[in-house]
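Computed from heavy atoms alone, side chains included, the values below leave out hydrogens, waters and symmetry copies. Since the model is a prediction, treat every value here as computed from it, not as a measurement. As the structure lists them, so they are numbered: ligands from 1, and atoms in each ligand from 1.
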Amino acid sequence: MSGGALLADAPPPAATEQPTEAEWAAAVSAITKLPADGRVLLICHVNPDGDALGSMLGFALGLRRMGVRRLQATFPGRPEVPEPFRAMPGLDLLVPATEADPDPDLVICFDVAAVSRLGDLADRLDRAGASLVLDHHASNTRFGGIHLVDPDAAATSVVVEKLLVRLGVPLDQGIAECLYVALATDTGSFRFDMTTPAVHEMAARLLATGIRPGEISRRIFDTRPFGAVRLYGDVLGRTQLEPLEAGGRGLVWTYATLADLARHEQRPYTLEPLIDSVRCTAEADVSCVLKQVAEGEWAVSMRSKGAMDVSRVAVALGGGGHRLAAGFTGYGSAPEVIEAIRAELGRDGVALDRSGADAKAPTAGRQDQE
Ligand code: AMP
Ligand code: MN
Ligand code: MN
């Protein structure tokens, strides 16, 4: 049974363990014991990224191959798939949250660390016959019935592939493309530290189906409307470098307003890759992008190169994430939000390097995931 949705997002019992054999068996059984006309609802996190969508759609295609007919995939909020993902296999299974089955037999969540990331769809956890949570956030709050949470997995799609193997579902090109998008997204195109031999072995299995990595990467990472290129020019042009902040490790930041988006006729998701252009700044460990969502409200993305734990900053300001990649919703003017970040960066335990207070923390490598 599901339960837990009403417990809110209590402080997370950090997951360090792999899923147990009993958990894998329970997950397999929840799927194989579905009645013939069983209804399955798949949900990924709000503002879905490549891992959220790719893991969900890849698994949905796997369920379809198993003969599950009554399948819906969805995510909370505005039912808008970012342009780079609009050619992904399995999108025909996607429905707006408003059309999602109110009481499915089984609900499966993908890349969702906490109930808050399910928005209005959180009630499905209590209404469904059973719930299954597939994730890789160490901070996962274990809000479902059955959990497959692997904090060592580079992406949720790593967990998805393992479950598909246990279900006896072979990879086909559609499934492989979805899982590849997810894996490439969360490893920063196989650049981050959690790009292990196992990650490359999984990529090899996916590529062996015949999918085209160049074409997929171009679509997902390297294609942007001209208006977005100009928008990036405006926003990057106002980037500020503060070398003395973050205990002298440096802070670099910028912001994008709704007016910027309107002037260049761009949608909010266009701004998601912007942090990657800001975080390359050599003179700063911490980078930050404020994306206006309403008057006095900002979606904040933060990254660290390893010297600072930005998840502490995010958690202190009401959000979450990983040590090297985190975010929160900021309120007030852009300078006010930045001032709050500066203050949190100065607190004990935020510095991760040897001179800092948190030298005992485990190596930060794999935390740079989404
Ligand atoms: P982003 O900067 O949006 O790519 O997010 C980086 C990481 O921070 C991801 O692991 C997200 O799950 C997490 N994150 C971003 N925004 C929030 C938020 N408002 N609340 C909780 N976690 C967040
Ligand atoms: Mn992820
Ligand atoms: Mn994600």
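Rounded to the nearest 0.5 angstrom, Ser333 OG and Glu339 CD are separated by 10.0 Å. The distance from atom CD1 of Ile220 to atom CD of Glu83, rounded to the nearest 0.5 Å, is 10.5 Å. Annotation: the span from Thr270 atom OG1 to Tyr232 atom OH amounts to 7.0 Å, rounded to 0.5 Å.
With Gly320, Ser139, Pro273 as candidates, the residue nearest to atom 13 (C) of ligand 1 on a non-hydrogen basis is Gly320. In this structure, of Ala326, Ser301, Gly327, Ala52, the residue bringing a heavy atom nearest to atom 1 (P) of ligand 1 is Ser301.
With 2.8 Å as the limit, His136 counts as an N, O or S neighbour of the Mn ion (ligand 2). For Asp186, the nearest N, O or S atom to the Mn ion (ligand 2) falls under 2.8 Å. Cys44 lies apart from the Mn ion (ligand 3) in this respect, since none of its N, O or S atoms is found at a distance under 2.8 Å. At least one N/O/S atom of Asp51, from backbone or side chain, sits under 2.8 Å from the Mn ion (ligand 2).
Thr239 places no side-chain N or O within 3.5 Å of a backbone atom of Thr254 that could act as its donor or acceptor partner.
Taking the six-membered ring where tryptophan is involved, the planes of His137 and His322 are essentially parallel, since the angle between them stays under 30° and well short of 60°.
Of all the heavy atoms of His45, none lies under 4.0 Å from any atom of ligand 1, so neither backbone nor side chain is involved.
By the side-chain hydrogen bond (donor to acceptor under 3.5 Å, both in side chains) test, Thr32 is found to be paired with no residue, residues two or more places apart in sequence or in another chain being considered.
Taking every heavy atom of His322 and a limit of under 4.0 angstrom, the matching atoms of ligand 1 come to 10 (O). Every atom of ligand 1 with a heavy atom of Gly321 under 4.0 Å away is listed here by number and element: 8 (O), 10 (O), 13 (C). Proximity to His137 (heavy-atom distance under 4.0 Å) selects the following atoms of ligand 1: 10 (O), 12 (O).
For the residue pair Phe328 and Gly318, the shortest heavy atom distance occurs at CB-C, 4.4 Å. Considering every non-hydrogen atom in both Arg166 and Val28, the closest pair reads CB-CG2, 3.8 Å.
Among the atoms of Arg303, some N or O lies under 3.5 angstrom from an N or O of ligand 1.
In this structure, Ala325 is part of the shell of residues with a heavy atom less than 4.0 angstrom from ligand 1.
Under the 4.0 Å criterion applied to side-chain N and carboxylate O atoms, Asp101 and Arg124 are not assigned as salt-bridge partners.
Rounded to 10°, the angle that OD2 of Asp111 and OD2 of Asp49 form at the Mn ion (ligand 3) is 140°.
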